[in-house]
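Working notes, beginning with the structure itself.
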Amino acid sequence: MTDNRFDLVIRGARIFDGTGAAPFAGDLAVRGDRIAAVGEVDGAAAFEIDARGLALAPGFIDVHSHDDFAVLSTPAMDFKLMQGVTTEVVGNCGMGAAPYPAVREHFGVFFGDATVPGWEGYRGYLEAVERARPSLNVAMLVGHNTIRTAVMGMQRRAPTQDEQRAMRELVREGLEAGAVGLSTGLIYEPGRHCATEEVIELARGVAEAGGLYATHMRNEASHLLDAVREAIRIGRESGARVQISHHKAAGKKSWGRVRESLKLIEEARAEGLDVTADQYPYTSGSTMLAAVLHNNAFNAEGDRGGIAQVEPERVLIASAPLHPEYEGHTIAELAVTLGLSPEDAARKVDSDERHRAIAILDMMDEGDVQTVMRHPTTMIGSDGIPLGGKPHPRLYGTFARVLGHYARELGLLTMEDAVHRMTGMPAQKFGLADRGVLRADAYADLVIFNPATIIDTGTFSEPKRYPDGIAHVFVNGVAVVANGRHTNARPGRPLRRG
Ligand SMILES: [Zn+2]
């Protein structure tokens, strides 16, 4: 006998189940925090949604987030929920949430103005997430830069055996707490000074635990291919599955090189390695202005740096906590106003270590963005930086932009494929059990959107705008967005590996 009473039934939707399969018309029933049935649903529900003309998909998974602290300080997480994100992976680019003293001392930039109580290790961080009850689910990566800083400060040398052992211990602590893997940020201090072997050794522990290795590679410009080879080597020698973060070719001189980097990924996969990537759908990137300076991006040396040489006209200040008057201006403009060289102007903007400035860099080719997106190994990650000022619009718009602009308007990929890249595919890669698919017994993380109107609306001058076309979002069976408005419900959970 089946129980035909449900908490929620969504009727007549066009169902994209997250697997990449063609959509079909049907209903979906929810009981508690799980999907009870998909297809034709008989029976009554406490609550029904008529979704005729609308698409129903698994909640989107943002595999590349920097919201480690935002989920604690702004738990409603409107900028993600309002674009349909129901789960995100924090701790990317080598910047993890623990050990807390190292975070506070060196990565405080991501706290913004927030004051949050500290925590003990990665376990303590996930407990803090549990207490904060954010509106979405949070999975985490252990950050190599953070653990390296905790063990050996900002030193630019190789670790001693004891230090390597201490880092390995921190990786183990994180994995035991439930981290889904380890991330590196090899253009940042202090990770950019590490040898490949240091990472391979740490990634072995990750592989044994079944986690993955995600990397902001050492170089995304002239030495992009070497960097991809390094990531693949780390996967091959450690046994860890590899995720190349925000795959791109930065700087005019490197445009077009993504065709070769994608070929390297294909070759690695043919060899039997699990190598995939993620991407945000814009030709501009965004990072700490300090990293732009560390990589010599304002001078000819930049060509050998990890970021590429960038023209001062193409570097926009997104956030400058101590100098909001600089926000929205380019380094070229500020150089004139301040009467300094572009590089010195950037140093002045970023003069306070505890209030790091964030820059937006226009450095990619649209053709490359599309080549990467079309490739079947690419999933979607926002890389949004949740700070004040004028953040890169990817923070608010990534998922709607892929669906509305790239799938619907350009036809670059089908809607079901686009949905798959942000649901079933990342859930599988990051080991998020029972998420990312619409089937009975999976968690009821759901998005109902209008496939004819969904689109990002933010711009570089007005980035904090919610997308159009998102009607309803459910997290663990609870409505967080209803009729396009945040309900202030906070049903999110920390997700632990396995
Ligand atoms: Zn990164």
Side-chain angles (χ1 to χ4, degrees), residues 62-71 88-98 102-103 106-111 122 125 138-150 154 171 174 179-194 198-199 202-203 206 211-221 224 227-228 230-231 234 242-248 250 276-280 282 284-292 294-295 297 305-308 318-319 356-361 363 379-387 391-392 394-395 398 426 430:
D62 187 354
V63 295
H64 197 99
S65 129
H66 290 293
D67 294 335
D68 308 47
F69 313 115
V71 297
E88 58 181 3
V89 181
V90 303
N92 276 284
C93 301
M95 291 171 282
V103 173
H106 293 286
F107 303 97
V109 54
F110 287 108
F111 283 95
Y122 283 95
Y125 172 70
V138 180
M140 70 177 181
L141 295 160
V142 173
H144 170 248
N145 284 328
T146 317
I147 60 168
R148 194 181 212 269
T149 306
M154 284 292 174
V171 171
V180 295
L182 169 73
S183 79
T184 55
L186 300 178
I187 68 160
Y188 297 115
E189 297 290 338
R192 69 200 195 97
H193 305 290
C194 84
E198 174 180 328
V199 182
L202 297 175
V206 176
L212 62 71
Y213 169 64
T215 179
H216 180 150
M217 298 182 296
R218 216 177 278 273
N219 194 293
E220 297 182 322
L224 171 66
V228 173
E230 180 184 35
I234 290 166
V242 176
Q243 178 77 359
I244 292 172
S245 298
H246 41 58
H247 191 23
K248 67 169 83 69
T276 51
D278 53 73
Q279 177 193 36
Y280 49 84
Y282 299 84
S284 290
S286 181
T287 192
M288 287 176 279
L289 187 56
V292 182
H294 287 153
N295 285 271
I307 290 181
S319 153
R356 292 253 100 115
I358 304 292
I360 294 171
L361 300 94
M363 59 184 178
M379 49 193 95
I380 306 302
S382 75
D383 201 7
I385 301 176
L387 293 174
H392 189 304
R394 66 193 183 184
L395 181 65
T398 288
F430 285 76

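These numbers come from a predicted model, not from an experiment.
- Panel note: side chain Asp62, backbone Ser382; a donor-acceptor pair is recorded below 3.5 Å.
- Take Ala297 and apply the side chain to side chain contact (heavy atoms under 4.5 Å, CB included) test, not counting sequence neighbours, and it matches Val292, Ile307, Val310.
- Panel note: side chain Asn92, backbone Val63; a donor-acceptor pair is recorded below 3.5 Å.
- Here the closest heavy-atom approach between residue Leu186 and residue Cys194 is recorded as CD2-SG, 3.8 Å.
- Side chain of His392 to backbone of Ser284: a donor-acceptor contact under 3.5 angstrom is found.
- Annotation: side chain to side chain contact (heavy atoms under 4.5 Å, CB included) contacts of Ala98 (sequence neighbours excluded): Trp119, Tyr122.
- Nearest heavy-atom pair across Leu289 and Ala359 is CD1-CB, 4.0 Å.
- A pairwise comparison of heavy atoms in Ile358 and Ser286 identifies CG2-OG, 3.4 Å as the closest pair.
- Heavy atoms only, all atoms of each residue included: His247 and Ala277 are closest at CB-CB, 3.9 Å.
- At least one donor-acceptor pair closer than 3.5 Å links the side chain of Asn145 to the backbone N or O of Gly185.
- Closest approach of Gly96 and Thr146 over heavy atoms only: N-OG1, 2.8 Å.
- A cation-pi geometry, defined here as NZ or CZ lying under 6.0 Å from the six-membered ring centre and within 45° of its normal, does not hold between Arg394 and Tyr282.
- Ring geometry, His64 versus His66: the interplanar angle exceeds 60°, so the pair is classed perpendicular (tilted spans 30 to 60°).
- Counting only N and O atoms by type, the side chains of Ser245 and Thr215 include no donor and acceptor under 3.5 Å apart.
- Residue Leu141 forms a side-chain contact (heavy atoms from CB on, under 4.5 Å) with just one option from Val206, Asp68, Val180, Leu182, and that option is Val180.
- For Val138, the side chain to side chain contact (heavy atoms under 4.5 Å, CB included) criterion is met by Val71, Val90, Tyr125, Val129, Pro134, Leu136, not counting sequence neighbours.
- Checking Tyr188 against Thr287 by side-chain atom types alone, a donor-acceptor pair falls below 3.5 Å.
- Residues Glu220 and Lys248 come closest through the heavy atom pair OE1-NZ, 2.8 Å.
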